[in-house]
Every structure is written in C-alpha cells, then in structure tokens.
**Q** 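The structure is given below, and queries will be raised subsequently.
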Amino acid sequence: MRVALFLTCVNDMLYPDTGRAVVKLLTRLGVEVDFPAGQSCCGQAHYNTGYRHGAEPLARNFSDVFGGYEAIVTPSASCGAMVRELYPRMGERARAEGRGEALARTLAPVAPKTYELTEFLVDVLGVTDVGAHYPHRVTYHPTCHGLRSLGLGDRPRRLLRAVGGLELAELPGAEECCGFGGTFALKNADVSAAMGMDKVRNAESTGAEVLCAADNSCLMHLGGTMSRLRSGVRPVHIAEILASTKEDPAA
C-alpha cells in the first residue's frame with residue numbers, strides 16, 4: 001500500500017522526529033510512505049480564528065498535493081479533523097454563499113481517505129500489535145480533536161497495551177481538555193495555564209514516566225508546564241512509542 005505522510009506545520013517545524021517515527025513504523029509494517037514536498041498548512045489556524053476564506057487556498061493545495069494517494073496519514077488528530085470534518089463544511093458554505101460547487105468538488109476526494117495514525121493502523125491495516133517495545137510506565141491523554149472530532153475511542157490504548165514492556169496507567173480526568181486549544185492558549189492564557197497544570201498533576205499522580213498523546217501541539221503545551229514544574233513526567237508522541245523496538249529503542 002502506498003500512502004502519503006501529512007506531517008503538519010507543528011511537526012515539520014518543531015517535532016521532525018515524530019515524522020521519522022511514522023515512516024519507520026509504517027515501513028516496518030510493509031507500507032510504502034511518500035512525503036509530498038508540496039504540502040503546506042492545512043488551514044486549520046486560519047479557519048479556527050475566523051479567516052475562513054483565507055483557509056480555502058490552503059485546502060485546495062492540500063487536495064492537489066494529496067488527492068492521488070490511496071490514503072493520507074497524519075500524526076495529528078487536530079489537523080486530521082480539519083480535513084475530515086471541516087473541509088466538507090467549507091465546500092458546503094461556499095455553495096450556500098452562491099459560489100458554486102467547485103470548492104466542494106475539489107475537497108471531496110481527500111476527506112474520506114485522511115486518517116490519524118492510530119486510526120490507520122487499527123482500521124485500515126487491521127493491527128494493534130505493531131511489534132513495538134517501550135519499557136516505561138506511560139499514561140495516555142486523549143486530545144480533544146481525537147476524542148470528539150475523530151472519535152478515536154480506545155484505538156490508541158489498544159495499540160499501547162500491545163507494546164512490549166510498556167505499563168499503561170489510566171489518566172484521571174483523561175477526557176478533560178489540556179487547555180491548549182490553539183489560539184485559546186493565547187487569548188485565555190490564565191485559564192489555559194490552569195487547565196494544563198491540572199492535566200500535568202493528574203499525569204504525575206499515575207506514577208508514569210511518560211505522558212503520550214496523538215497531537216504534538218497539546219504535548220507542547222503540557223511539556224512547557226512540565227518544564228516549569230520540573231516534573232518527572234515527559235511528553236512523548238504515540239508514534240515514537242509505537243516505532244520503538246528492542247533493536248532500535250526510542251529514548
């Protein structure tokens with residue numbers, strides 16, 4: 001199977017190891033992975049801050065770049081949700097505004113074949129044991145977009161439970177937002193910081209060494225809180241855990 005890796009802006013700029021982990025993992029599972037060089041921002045930041053029309057050229061570019069692939073895999077639940085949930089809405093809104101069917105037709109092919117990584121592993125490849133080994137106590141934070149928009153459910157936990165050497169600790173208040181929310185963290189800094197503090201304290205209460213999630217944007221927010229608190233817990237993207245093996249272990 002040949003798929004395209006949609007890395008996303010945050011990962012490309014700040015967390016390239018997550019992208020490398022996705023390629024390593026999928027290649028190990030027999031998947032051919034391309035990284036289309038023409039990819040750019042999906043438009044989520046524009047759309048969520050009210051610049052809906054400004055997001056449309058980015059959405060068109062996404063469709064142009066990724067439209068020819070069997071599947072599009074991303075290690076970001078929030079950007080995956082942008083494509084799956086909001087691209088169709090953009091097309092519908094353009095139609096309602098009397099701007100015709102062109103945008104809807106352009107975006108229609110990519111939405112149904114865009115998958116967050118754990119969805120792709122469980123639903124498309126049909127695997128939960130990916131041959132990983134990660135000898136650490138880990139707790140999992142289900143981010144808002146993964147939980148509420150994509151409905152990832154227990155897929156990430158099923159994958160984590162199958163990892164050799166990993167001890168999975170349930171996170172108290174797991175379904176509560178961590179406080180990042182993109183520009184919410186800027187516009188409501190005090191509330192955002194308090195929510196992040198609650199999430200980190202809950203993670204610490206599990207005795208876990210690692211807090212993992214399917215979104216590096218949320219892990220960036222929580223990692224900053226952990227750093228300020230000098231916490232013993234560290235943030236790690238789930239892709240890096242699943243890519244780790246005895247022969248080639250992740251940190």
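Residue numbers count from 1 along this sequence. All heavy atoms count here, side chains included; hydrogens, waters and symmetry mates do not.
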**Q** Out of curiosity, Arg155 CZ to Leu150 CG, how far, rounded to the nearest 0.5 Å?
**A** 9.0 Å
**Q** Test your reading of the model: is there a side-chain donor-acceptor pair from Asn202 to the backbone of Pro172, 3.5 Å cut-off?
**A** yes
**Q** Which of parallel (below 30°), tilted (30 to 60°) and perpendicular (above 60°) describes Phe62 and Phe6?
**A** perpendicular
**Q** Taking only Lys NZ, Arg NE, NH1 and NH2, and the carboxylate oxygens of Asp or Glu, determine whether Glu204 and Arg201 approach each other closer than 4.0 Å.
**A** yes
**Q** Side chain of Asp215, backbone of Ser78: donor and acceptor closer than 3.5 Å?
**A** yes
**Q** Under 3.5 Å, is there a donor-acceptor pair between the side chain of Gln39 and the main chain of Leu5?
**A** yes
**Q** Sub-3.5 Å donor-acceptor pair from the side chain of Thr225 to the main-chain atoms of His221, do we have one?
**A** yes
**Q** Between Arg95 and Glu101, is the closest basic N to carboxylate O distance under 4.0 Å?
**A** yes
**Q** Measure the spacing between OH of Tyr134 and CD of Glu209 and express it to the nearest 0.5 Å.
**A** 7.5 Å
**Q** Verify the distance criterion only: is there a donor paired with an acceptor across the side chains of Thr206 and Glu170 at less than 3.5 Å?
**A** no
**Q** Quick one: closest heavy-atom pair of Thr114 and Arg84, and the distance?
**A** O-NH1, 2.9 Å
**Q** Determine, stepwise, if the pair Arg20 / Asp17 fulfils salt bridge (charged side-chain N to carboxylate O under 4.0 Å, His left out).
**A** CA-CA 5 Å; Arg20 295 186 186 103; Asp17 284 347; 2.6 Å; yes
**Q** Taking everything shown except Glu175 itself, do over 12 heavy atoms lie less than 6.0 Å from its CD?
**A** no
**Q** Please confirm whether the backbone N or O of Gly164 pairs with a side-chain atom of His133, one donor and one acceptor, at under 3.5 Å?
**A** yes
**Q** Decide if atom OH of Tyr51 counts as having more than 12 heavy atoms of other residues, nucleotides or ligands within a radius under 6.0 Å.
**A** no
**Q** Let me confirm one number: the CD-NZ distance from Glu176 to Lys199, rounded to the nearest 0.5 Å.
**A** 6.0 Å
**Q** Would you say CZ of Arg28 has more than 12 non-hydrogen atoms from neighbouring residues, nucleotides or ligands within 6.0 angstrom?
**A** yes
**Q** Could you tell me whether the side chain of Thr49 and the main chain of His46 form a donor-acceptor pair under 3.5 Å?
**A** yes
**Q** Would you check, one step at a time, whether the test side chain to side chain contact (heavy atoms under 4.5 Å, CB included) holds for Leu121 with Leu26?
**A** CA-CA 9 Å; Leu121 294 170; Leu26 293 181; 3.9 Å; yes
**Q** Determine, step by step, whether Tyr15 and Met220 satisfy the side chain to side chain contact (heavy atoms under 4.5 Å, CB included) criterion, reporting the C-alpha distance in whole Å, the side-chain angles of both residues, the deciding distance to 0.1 Å, and the verdict.
**A** CA-CA 10 Å; Tyr15 300 102; Met220 175 178 65; 3.1 Å; yes
**Q** Any idea which heavy atoms bring Ile241 and Cys212 closest together, and the distance?
**A** CD1-CB, 3.7 Å
